[in-house]
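Proteins come first, then strands; the chains are lettered A, B, ... in the order of their sequence lines, and each starts at number 1.
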Amino acid sequence: MSLYEQYPISLYNNLTKEKVKFEPLTPGRVGMYVCGPTVYSDVHLGNVRTFMSFDVVFRYLAYLGYKVRYVRNITDVGHLVGDADEGEDKIAKKARLEALEPMEVVQKYTNGFHDVMRLFNILEPSIEPTATGHIVEQIEFIKQIIDNGYAYEANGNVYFDVKKYNEDHPYGELSGRNTEEMLSNTRELSGQDEKRNGLDFALWKKADAGHLMRWPSPWGIGFPGWHLECSVMSTKYLGEKFDIHGGGMDLKFPHHEAEIAQNKGCCGKGGANYWIHGNMLTVNGRKMAKSEGNGFTPEQLLTGDHKLLERGYSSMTVRFFMLMSHYASTLDFSNEALQAAEKGYKRLMASINLIDKLPEAGTGKIDEAKTAELKASIEKAFADLSDDFNTAKAIASLFEISTSINTFYQNPNQLAVIDKATFDYVIQHFKGIIFDILGLQNETSGGQNAELLDGVMKVVIEMRKQAKFAKNYGLSDQIRDDMKAIGIQIKDEKGGEMSYSID
RNA sequence: GGCGCUGUGGCCGAGUGGCUAGGCAGAGGUCUGCAAAACCUUGUACAGCGGUUCGAAUCCGCUCAGCGCCUCCA
């Protein structure tokens, strides 16, 4: 029996607004598409949260035994600039400002994005397609939508005909919008517009003379509209129907709504069965966003060099902080919360570090109740993760196991009564959940020079033991304090033994 | 204005009809030369007002406060 049969996943489907059992189209296989970044500026911590949320979904599906194809795109063209620059592409605008080639901008911020993903131990997707790499497919997609009667050309531009589409398919099913109402509300606004209706959105935009990104098409020189690349690339790599589509909450409308419309307008099918949205990271109750100026880069996070940061925090502290809440809830950033998360993270890692030092389990008379209790904790963690990927709840169970490990270390006789096979099973998955599913890394072990450090610490500890034995407390305390000052905590244990941990 | 969401103990944050969430901080204790860590014990919590129910933080209504989307946004 596979793990995914043992712990069947249920998830909240934003399309149907209810929590349902997850059933992939093809048993044992999952196709997942997540809207990636628009690479025209640095990603901030809020962006990171979304990708981390879906990273855990990806990791969890894989851990349970599903074969997953995870597609996360790079949008390197196509997003229109909102204000006065209607018709101009975000990438192109930035390029002109910085006097760079558009692809130079794309390359720079794509590299930056990848660096950030690595920093937070967010896995690479199976496919990371770019919009510029799929211009041909996008043109074909538009042609099909036009043939189906859901789009029209106007002066070198192609628009999606929302009103026409809405006659055959519900536009607004994902975001719960009343399209009839919206159509009547926007009618007057579109007076001199070449759009038939204010709700219509561009599939293809004509490039004016100064526009830097341009491709030939049946409608003239231009570039694809926003929304389109996701429909095209998800269809290409996952099919007209696939399992999961994810993205940030703020993409729900209009981006995802348009995506569904494009999919149905082209292929008659709406793409994903399950729509999942990650919620926003907030600062003082407000969304972290570029326009708010309340975001910061990973470098600033590590160094603490930002007005919002009292000091720096490690990437794993941040990862743990984010996983302590549910992906669908807003999460408020604060220094206090980060510091609490840091301690919690270290506590978890400290018990991980003790595992190898534990004596053999099950050497005494097995206590069935105690054994079952320990096993229940790991089973609870799995059940929680299968309940809409509730990492916050699962972590609570992990702390139970963490406490057990600490107890076993101090009182080996309590480990002696735990069945060995069960104990090994629990530990295997305890580590599995922490490292493979939650994607945490152990920053508290010695890293590259672990063996060397361990050797040095043996010498230091031996010196302190001798000082203590000679009741030279001045020296033994000095050794402890000096080590503490450079970030190593020496701990006295029962029976005169000592251990250390890295702060 | 339309659509939707949130309000949980000192802080963060799960839960969502009856069963301890958890972390951080605080208090007491065990251990210890002292400390730290660890372990044990401990907290008046569910915005307000009504209603449904044997029973509600959890369902319904109203009020208050705040947020998101509706324009680019993870």
Side-chain angles (χ1 to χ4, degrees), chain A residues 14 17 34-38 40-41 43-54 79-83 85-86 90 172 175-178 181-182 185-186 199 226 246-255 257 277-282 284-292 295 320-321 324-326 328-348 350-351 354 380 384 387 390-400 402-407 409-411 414 468 471-473 476-477 480-481 484 489-494 496 499-501 503:
Chain A
N14 254 305
K17 320 280 187 272
V34 170
C35 292
T38 304
Y40 68 99
S41 65
V43 293
H44 63 245
L45 202 60
N47 303 302
V48 169
R49 187 184 182 207
T50 297
F51 300 123
M52 192 184 291
S53 296
F54 290 103
H79 276 57
L80 297 174
V81 170
D83 41 40
D85 301 303
E86 179 75 24
K90 252 183 194 171
S175 55
R177 276 167 169 75
N178 185 332
E181 219 165 78
M182 291 170 74
N185 282 349
T186 57
L199 277 188
W226 54 300
M249 201 74 109
D250 47 358
L251 293 183
K252 207 154 134 190
F253 189 91
H255 185 250
E257 201 68 73
H277 291 100
N279 216 135
M280 301 294 103
L281 181 69
T282 61
N284 296 322
R286 298 192 155 272
K287 177 181 169 182
M288 183 178 280
K290 279 161 199 143
S291 55
E292 295 270 350
F320 188 70
F321 163 68
M324 285 211 307
S325 74
H326 186 77
S329 301
T330 55
L331 172 63
D332 199 55
F333 169 89
S334 73
N335 284 281
E336 295 72 23
L338 255 307
Q339 280 158 27
E342 184 176 71
K343 291 209 173 178
Y345 163 72
K346 283 182 176 168
R347 182 177 154 81
L348 209 52
S351 65
L354 285 180
K380 195 140 57 78
D384 293 336
D387 181 10
N390 198 328
T391 53
K393 217 173 160 189
I395 285 172
S397 297
L398 296 181
F399 274 113
E400 284 178 14
S402 184
T403 298
S404 295
I405 290 169
N406 291 335
T407 300
Y409 183 69
Q410 287 190 355
N411 299 297
Q414 294 208 37
K468 251 187 96 170
K471 295 211 187 316
N472 185 351
Y473 295 125
S476 71
D477 286 358
R480 186 176 65 197
D481 296 345
K484 175 76 180 165
Q489 175 75 57
I490 296 179
K491 303 175 211 174
D492 290 358
E493 295 176 352
K494 282 181 182 171
S499 63
Y500 71 95
S501 65
D503 283 343

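- One donor-acceptor pair, N or O on each side, does fall under 3.5 Å between the base of B:rC34 and the side chain of A:Asp492.
- Between the P atoms of B:rG7 and B:rG17, the separation comes to 15 Å (whole Å).
- When the nucleotides B:rA36, B:rG68, B:rG2 are ranked by their closest atom to the side chain of A:Lys491, B:rA36 comes out on top.
- Atom CG in A:Asn279 sits roughly 8 Å away from atom C1' in B:rG68 (whole-Å rounding).
- On the P atoms, B:rA37 is 13 Å away from B:rA27, given to the nearest whole Å.
- The shortest distance between the side-chain N/O atoms of A:Thr403 and the OP1/OP2 oxygens of B:rC39 is below 4.0 Å.
- Nucleotide B:rA37 has no partner under the Watson-Crick or G-U criteria, as no pair reaches both atom distances under 3.5 Å.
- Taking OG of A:Ser476 as the reference point, atom CG of A:Asp492 lies at 8.0 Å (rounded to 0.5 Å).
- Nearest-nucleotide positions on RNA chain B for A:Ser334 and A:Gly344 put A:Ser334 closer to the 5' end.
- Within 4.0 Å (heavy atoms only), A:Met324 reaches sugar-phosphate atoms of the nucleic acid but no base atom.
- Residue A:Asp250 contributes atom CG, which lies 21 Å from atom P of B:rC3 at whole-angstrom precision.
- Contact annotation for A:Leu398: no contact, since no heavy-atom pair falls under 4.0 Å across all strands.
- Here A:Arg177 does not reach the OP1 or OP2 of B:rC70: none of its side-chain N or O atoms lies under 4.0 Å away.
- Atom name C1', nucleotides B:rA35 and B:rC67: the rounded distance is 46 Å, in whole Å.
- Contacts of A:Gly278 with the nucleic acid, taken as non-hydrogen atoms under 4.0 Å apart, are absent.
- Residue A:Arg480 places a side-chain atom within donor-acceptor reach of the base of B:rA35, judged by atom type and a 3.5 Å distance cut-off alone.
- Nucleotides B:rU53 and B:rA21 are separated by 26 Å at their C1' atoms, to the nearest Å.
- Figure legend: A:Lys491 and A:Tyr409 shown without cation-pi pairing, the cationic atom not lying both under 6.0 angstrom from the six-membered ring centre and within 45 degrees of its axis.
- No contact: A:Leu348 has no heavy atom under 4.0 Å from any strand.
- Looking at A:Asn390, its side chain has no donor and acceptor atom pair within 3.5 Å of the base of B:rG15.
- Remark on RNA chain B: of its neighbouring residues A:Asp387 and A:Phe333, the 5'-side contact belongs to A:Phe333, judged by nearest-heavy-atom nucleotide.
- Classification of the A:His255-A:Trp226 ring pair by plane angle, with boundaries at 30° and 60°, yields parallel.
- With both ends at atom P, the span from B:rA45 to B:rU52 equals 25 Å, rounded to whole Å.
- Nearest nucleotide to the A:Phe321 side chain, out of B:rC39, B:rC34, B:rC12: B:rC12.
- Among the heavy atoms of the strands lying under 4.0 Å from A:Lys287 is at least one base atom, whether or not backbone atoms are also near.
- Stacking between A:Tyr473 and B:rG33 is shown: the ring centroid lies under 5.5 Å from the centre of the six-membered base ring, and the planes differ by under 30°.
- Separating the C1' atom of B:rC40 from that of B:rU44 is a span of 23 Å, rounded to the nearest Å.
- Not a single donor-acceptor contact under 3.5 angstrom links the side-chain atoms of A:Arg347 to the base of B:rC24.
- Residue A:Lys290 is classed as a sugar-phosphate contact, given heavy-atom separations below 4.0 Å to backbone atoms only.
- Rounded to whole Å, atom P of B:rC67 lies 16 Å from atom CE of A:Met288.
- For A:Lys17, the NZ atom counts as densely surrounded, since its 6.0 Å shell holds more than 12 non-hydrogen atoms of other residues, nucleotides or ligands.
- The side chain of A:Asn406 contributes no N or O atom lying less than 4.0 Å from OP1 or OP2 of B:rA38.
- Residue-level contact check: A:Asp332 touches the backbone only, with heavy atoms under 4.0 Å from sugar-phosphate atoms and none from bases.
- Between A:Arg480 and A:Asp477 a salt bridge is recorded (basic side-chain N to carboxylate O distance below 4.0 Å).
- Look at CD on A:Glu493: it is 20 Å from P on B:rU30, rounded to the nearest Å.
- Distances shown here put every side-chain N or O of A:Ser397 at or beyond 4.0 Å from the OP1 or OP2 atom of B:rA21.
- Put simply, CG on A:Asn284 is 11 Å from P on B:rC12, counting in whole angstrom units.
- Contact check, A:Lys393 against B:rG22: no side-chain N or O comes under 4.0 Å of OP1 or OP2.
- Taking atom P on both nucleotides, B:rG43 is separated from B:rU32 by 28 Å, rounded to a whole Å.
- Among the heavy atoms of the strands lying under 4.0 Å from A:Ala337 are primed sugar atoms or P, OP1, OP2 only; no base atom is included.
- In a base pair of the Watson-Crick type (N1 to N3 plus N6-O4 or O6-N4) or a G-U wobble (N1-O2 and O6-N3), with each distance short of 3.5 Å, B:rG50 is matched with B:rC60.
- Among the heavy atoms of the strands lying under 4.0 Å from A:Phe253 are primed sugar atoms or P, OP1, OP2 only; no base atom is included.
- The P atoms of B:rA36 and B:rG26 are separated by 11 Å, rounded to the nearest whole Å.
- Using a 3.5 Å distance cut-off with no hydrogens or angles, the side chains of A:Ser175 and A:Glu257 do pair a donor with an acceptor.
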